[in-house]
There are 2 protein chains.
Amino acid sequence: MRAKILLVEDDASLIELVTYNLEKEGFDVVRTGDGEEALTLAEEEKPDLVILDWMIANLSGIEVCRRLRRSPATANLPIVMLTARGDEADRIRGLETGADDYMTKPFSPRELIARIRAVLRRLRPALQGGQLEFAGIAMDTTAHRVTRDGRTVQLGPTEFRLLRHFLEHPGRVFSREQLLDAVWGRDVYVEQRTVDVHIRRLRKAVNAGPAGEELPDFIRTVRSAGYSLDTSPEAQAA
Amino acid sequence: MRAKILLVEDDASLIELVTYNLEKEGFDVVRTGDGEEALTLAEEEKPDLVILDWMIANLSGIEVCRRLRRSPATANLPIVMLTARGDEADRIRGLETGADDYMTKPFSPRELIARIRAVLRRLRPALQGGQLEFAGIAMDTTAHRVTRDGRTVQLGPTEFRLLRHFLEHPGRVFSREQLLDAVWGRDVYVEQRTVDVHIRRLRKAVNAGPAGEELPDFIRTVRSAGYSLDTSPEAQAA
DNA sequence: CAATAGTGTCAAATATTCGTCATATGCCCC
DNA sequence: GGGGCATATGACGAATATTTGACACTATTG
């Protein structure tokens with residue numbers, strides 16, 4: 001998932017420089033140079049992070065920061081302040097008002113990116129790792145939660161590990177033996193056919209539609225070879 | 001609760017300066033100038049944050065950072081790198097290796113404190129003596145008060161810490177072992193099943209409705225994995 | 001120092017998940 | 001079209017994991 005960044009800045013050349021670098025790094029950028037508008041955009045666009053200049057029109061950056069923190073909808077939005085005021089007192093004031101990081105101009109775009117990533121790494125683990133996704137099936141490994149098209153799917157521990165293994169190796173075909181090694185453990189003695197049963201349980205749970213009916217199967221049976229996530233174009237489209 | 005800070009630094013005058021300022025601000029400080037020892041202390045002392053100098057004995061700061069991130073026990077420990085190397089490339093390397101913030105010498109102690117607070121505000125909201133809230137359950141960590149839908153909930157000390165831990169990491173699943181480490185302390189020998197009992201007591205206290213009846217459970221049991229705050233959409237709606 | 005609240009263990013009661021089997025169904029090749 | 005396999009499916013007792021109530025013991029409080 002791409003992270004969306006709200007850039008609040010009124011210096012045209014800086015906007016260009018920062019936008020260019022952010023987009024190059026795979027972020028979506030929304031821009032404004034106006035403090036009031038920044039507050040509106042923060043609510044409406046639901047950005048993952050705000051870069052906030054101190055000197056902007058209508059409302060100072062620090063005031064925007066304060067208001068963002070006060071509104072429940074944006075109280076947790078990560079904020080990186082970015083400004084020409086290099087004064088120690090200002091930096092401290094910015095941080096105490098609720099900014100997560102503070103950089104003074106002139107700054108290195110690469111360092112800005114690195115700091116943004118550091119903040120996001122903390123705040124949106126989902127944007128980093130722990131999150132696996134495939135054709136509408138999403139797994140959060142830290143929360144131990146699986147959803148299909150947004151609806152929670154109930155899985156037993158073994159089915160959970162099995163699905164994780166498939167999601168970690170999309171498309172690849174695994175023999176029953178390989179699956180037993182990877183999912184059950186190398187030294188467990190279990191019938192190979194047991195895998196079939198768990199594949200069945202996994203299919204049943206994940207393919208169950210909202211109205212009790214069947215969604216397209218996401219596991220491909222490869223006769224005489226094993227199973228894999230179905231990465232064929234038809235399955236993807238579904 | 002006072003936050004404990006591990007200061008990894010070998011310049012005596014800096015140690016003194018930083019320690020003085022941290023203690024004045026109400027932090028507990030643990031110190032070492034040795035990289036290997038830093039790793040041991042990070043595990044044993046369970047600090048809330050590490051201040052890490054780049055140039056230290058035995059292992060470089062960056063290597064310590066890398067290893068802290070790699071070990072599951074310390075992977076989430078906040079790290080502020082602090083060093084004379086002001087090189088942009090070094091700063092970026094530090095941030096990319098997993099540091100949460102990066103300051104270069106010479107630095108202002110007040111700014112260091114402000115940055116530490118900014119990081120802790122994110123990572124350990126409870127240390128700031130704030131308000132934690134989730135789905136109608138509110139905890140005032142300074143007043144040691146918990147309410148559900150406005151009604152006060154009576155909790156024992158252990159249940160309180162347990163709930164706080166969940167509120168600080170919403171949605172994340174913790175094994176019994178992790179909970180014992182985090183809530184009871186690393187060196188306490190207690191049966192893992194004891195966790196179940198406290199989960200039960202916590203549930204009983206918090207889920208008790210006004211008319212003596214049951215509110216929806218806010219803790220999710222993840223079979224064979226542990227427990228978590230229930231952040232599923234269904235639970236949120238309730 | 002008595003009263004009360006809080007803790008950690010245990011064991012019985014439940015609840016869920018697992019592995020296997022027998023049978024049904026499908027697929028491929030002759 | 002008919003073997004001969006391979007996979008799918010439903011059922012079930014066994015194995016695991018969690019919930020719960022009771023109890024003895026330890027802090028804490030006044």
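Order of the sequence lines fixes the chain letters, A, B, ..., with proteins taken first and strands second; residue numbering starts at 1 for each chain. Reckoned from all heavy atoms, side chains included, excluding hydrogens, waters and symmetry mates.
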Exercise for the section: For B:F160, report the nucleic acid contact type (base, sugar-phosphate, nothing); a contact means any heavy atom under 4.0 Å. Expected result: nothing
Handout entry: Of residues 180-198 of chain B, the positions that come close to DNA chain C - non-hydrogen atoms, cut-off under 4.0 Å
Key = B:W184, B:Y189, B:V190, B:E191, B:T194, B:V197, B:H198
Completion exercise
B:K204 has its side chain closest, among D:dT7, D:dG21, D:dT18, to D:dG21
Exercise for the section: Could you tell me whether the side chain of B:D100 and the main chain of B:I79 form a donor-acceptor pair under 3.5 Å? Expected result: yes
Problem - Atom NZ of B:K204 with >12 non-hydrogen neighbours under 6.0 angstrom - result: no
Practice task
Evaluate ring-ring contact (aromatic ring centres under 6.0 Å, His included) for A:W184 paired with A:H198, printing each intermediate quantity in order.
Solution key: CA-CA 11 Å; A:W184 274 255; A:H198 282 277; 5.2 Å; yes
Practice task
At the 4.0 Å heavy-atom cut-off to chain B, mark where contacts on DNA chain C begin and end, going 5' to 3'.
Solution key: C:dG6 to C:dT17
Handout entry: Separation of D:dT18 C1' from B:R220 CZ (nearest whole Å)
Key = 15 Å
Fill in the blank from the handout: To the nearest angstrom, the CD1-P distance between A:I199 and D:dT9 comes to 12 Å
Handout entry: Test: B:D181 and B:K46 ion pair at under 4.0 Å
Key = no
Practice task
Determine whether more than 12 heavy atoms belonging to other residues, nucleotides or ligands lie under 6.0 Å from atom CD of B:E23.
Solution key: yes
Problem - Side-chain donor or acceptor of B:S108 paired with backbone N/O of B:R110 under 3.5 Å - result: yes
Handout entry: Residue list, salt bridge (Lys or Arg N to Asp or Glu O under 4.0 Å) with A:D28, at least two apart or on another chain
Key = A:R2
Handout entry: Separation of D:dA17 P from B:E177 CD (nearest whole Å)
Key = 15 Å
Exercise for the section: Answer with base, sugar-phosphate or nothing: what part of the nucleic acid does A:R203 contact at a heavy-atom distance below 4.0 Å? Expected result: sugar-phosphate
Practice task
Give the rounded distance in Å between these two atoms: CD1 of B:I219 and P of D:dT20.
Solution key: 12 Å
Handout entry: Heavy atoms of other groups near A:E43 CD, more than 12 under 6.0 Å
Key = yes
